[in-house]
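Let me begin by presenting the structure, written as structure tokens, before commenting on it.
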Amino acid sequence: MVDRTRRKIAVILLGPPGAGKGTQAKLIAGHCKVPHVSTGEILRENVAQGTDLGARAKTIMARGELVPDALVCDMVAWRLRLPDAERGFILDGFPRTPAQAGWLDAFLENEFFDNSHTGKGLPVVVQIEVDYNQLLRRLTGRRTCPAGHIYNLYLQPPRVDEVCDVDGLKLVIRNDDREEVIRERLAAYEQQTKPVADYYWGKGRLIAINGDLEVPQVTAQIEKVIEQHCDGNF
Ligand code: AP5
């Protein structure tokens, strides 16, 4: 049952590969009690299940390039229309091009925010900033469990080598965390996704935070931004 007295909330986490978007989105989603929507995770699930979408995305993702806007926007529309996202969501990895950002603005205005709620009708856009060398260390050391929990060999190791603390599953290296693909992903970010930050900056909506700190300190900064946006009402 959706509590209609609570404010609707749409949070967008921006930042380069390895900035900690997924790590933070999971924590913030738990705090705000809204779903974490990761386009990368949904695409990887489609690849694993061999769907049509997965078949089209597989080689593109393996090269570290972006999946076409139309495919991703359709996928996000489907996800955000599910009942669990009615009161809000934390977006991780979307939007990633100016076209996706424009599409999302229209979606939020037409389908998400409405006058029956007390929300300000704008998303909270947080840019997680991290030093380039730190990004490389985070990406090369990342290990994930099939259920989505994220670790890092150097920075956030599991208690037992290569085993998830939460569910005991064997940790794996993501297919696109190979060095040559990491370089391609970082280049795609510079060319295609940085303009998204400029887009929100131009609208006065972008709030940058320091992502070089430890996980709880980064979480605290994001929570503060959200609380200020919602006047503590979410
Ligand atoms: P996606 O899955 O979105 O990957 P990404 O954006 O490259 O981001 P990452 O998941 O690599 O990093 P993250 O910022 O989430 O960091 P994490 O929390 O894991 O996309 C994958 C692919 O899908 C794309 O390349 C593209 O092909 C396609 N795609 C997805 N969305 C698309 C879209 N909208 N349009 C088109 N194509 C799309 O953390 C990284 C590591 O650092 C972990 O090991 C973690 O433990 C560690 N860490 C995190 N925070 C800290 C901290 N504060 N201190 C120390 N360690 C930390």
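As the structure lists them, so they are numbered: ligands from 1, and atoms in each ligand from 1. Side-chain atoms are counted along with the backbone in the values below, which use heavy atoms only and exclude waters and symmetry mates. All values reported here derive from a predicted model rather than from experimental measurement.
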Which residue and non-hydrogen atom of the protein lie closest to [atom], and at what distance in Å?
atom                    : value
atom 41 (C) of ligand 1 : Arg138 O, 3.5 Å
atom 12 (O) of ligand 1 : Gly18 N, 2.9 Å
atom 4 (O) of ligand 1  : Arg174 NH2, 3.2 Å
atom 49 (C) of ligand 1 : Thr23 OG1, 3.5 Å
atom 43 (C) of ligand 1 : Ile150 CG2, 3.5 Å
atom 26 (C) of ligand 1 : Glu65 O, 3.4 Å
atom 8 (O) of ligand 1  : Lys21 NZ, 3.2 Å
atom 16 (O) of ligand 1 : Gly20 N, 3.2 Å

Does ligand 1 have a heavy atom under 4.0 Å from the side chain of [X], from its backbone, from both, or from neither?
X      : value
Ala57  : neither
Leu66  : both
Leu155 : side chain
Thr144 : neither
Arg44  : side chain
Arg185 : side chain
Leu139 : side chain
Tyr151 : backbone

Close side-chain approach of [X] and [Y], heavy atoms under 4.5 Å:
X      : Y      : answer
Glu162 : Arg143 : yes
Leu135 : Leu186 : yes
Leu104 : Leu108 : yes
Leu171 : Cys164 : yes
Thr140 : Tyr154 : yes
Ile128 : Ile222 : yes
Glu41  : His36  : yes
Asn210 : Glu129 : no

[X] neighbourhood, listing ligand 1 atoms whose heavy-atom distance to it stays under 4.0 Å:
X      : answer
Phe94  : 34 (N)
Leu43  : 23 (O), 28 (C), 29 (N), 30 (C), 38 (C)
Thr39  : 30 (C), 31 (N), 32 (C), 34 (N)
Pro16  : 14 (O)
Asp176 : 21 (C)

Would you name the heavy atoms of [X] and [Y] that are closest together and state the gap between them?
X      : Y      : value
Lys21  : Leu14  : CD-C, 3.9 Å
Val130 : Arg138 : CG2-NH1, 3.8 Å
Phe112 : Gly88  : CZ-CA, 3.6 Å
Met75  : Leu43  : SD-CD2, 3.7 Å
Tyr200 : Ala101 : OH-CB, 3.9 Å
Arg56  : Ile60  : O-CD1, 3.4 Å

- In terms of heavy-atom contacts, does CG of Asn110 have more than 12 from other residues, nucleotides or ligands at under 6.0 Å? yes

- Message: Counting only heavy atoms not in Glu180 (residues, nucleotides, ligands), do more than 12 fall under 6.0 Å from its CD?
- Response: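 Yes, CD of Glu180 has more than 12 neighbouring heavy atoms, counting only those of other groups under 6.0 Å.
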
- Message: Minimum distance, heavy atoms only, to atom 20 (O) of ligand 1: which one of Glu184, Met61, Arg63, Arg96 is it?
- Response: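 Minimum heavy-atom distance to atom 20 (O) of ligand 1 goes to Arg96.
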
- Query: Heavy atoms only: which of Gln156, Lys58, Gln134, Gln100 is nearest to atom 46 (O) of ligand 1?
  - Reply: Gln156

Can you find an N/O atom of [X] closer than 3.5 Å to an N/O atom of ligand 1?
X      : answer
Pro17  : no
Glu214 : no
Gln24  : no
Arg142 : yes
Arg143 : no
Gly93  : yes
Val72  : no
Glu41  : no
Val67  : yes
Gly22  : yes

Salt-bridge criterion met for [X] and [Y] (N-O under 4.0 Å):
X      : Y      : value
Glu184 : Arg178 : no
Asp84  : Arg79  : yes
Arg81  : Glu111 : yes

- Sub-4.0 Å heavy-atom contact, Leu13 with ligand 1: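 Flag not set, Leu13 not near ligand 1.
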
- Within-shell test, Gly15 vs ligand 1, heavy atom, strictly < 4.0 Å: no

- Message: Regarding Asp105 and Tyr199, do their side chains bring together a donor and an acceptor under 3.5 Å, going by distance alone?
- Response: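 Short answer, yes.
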
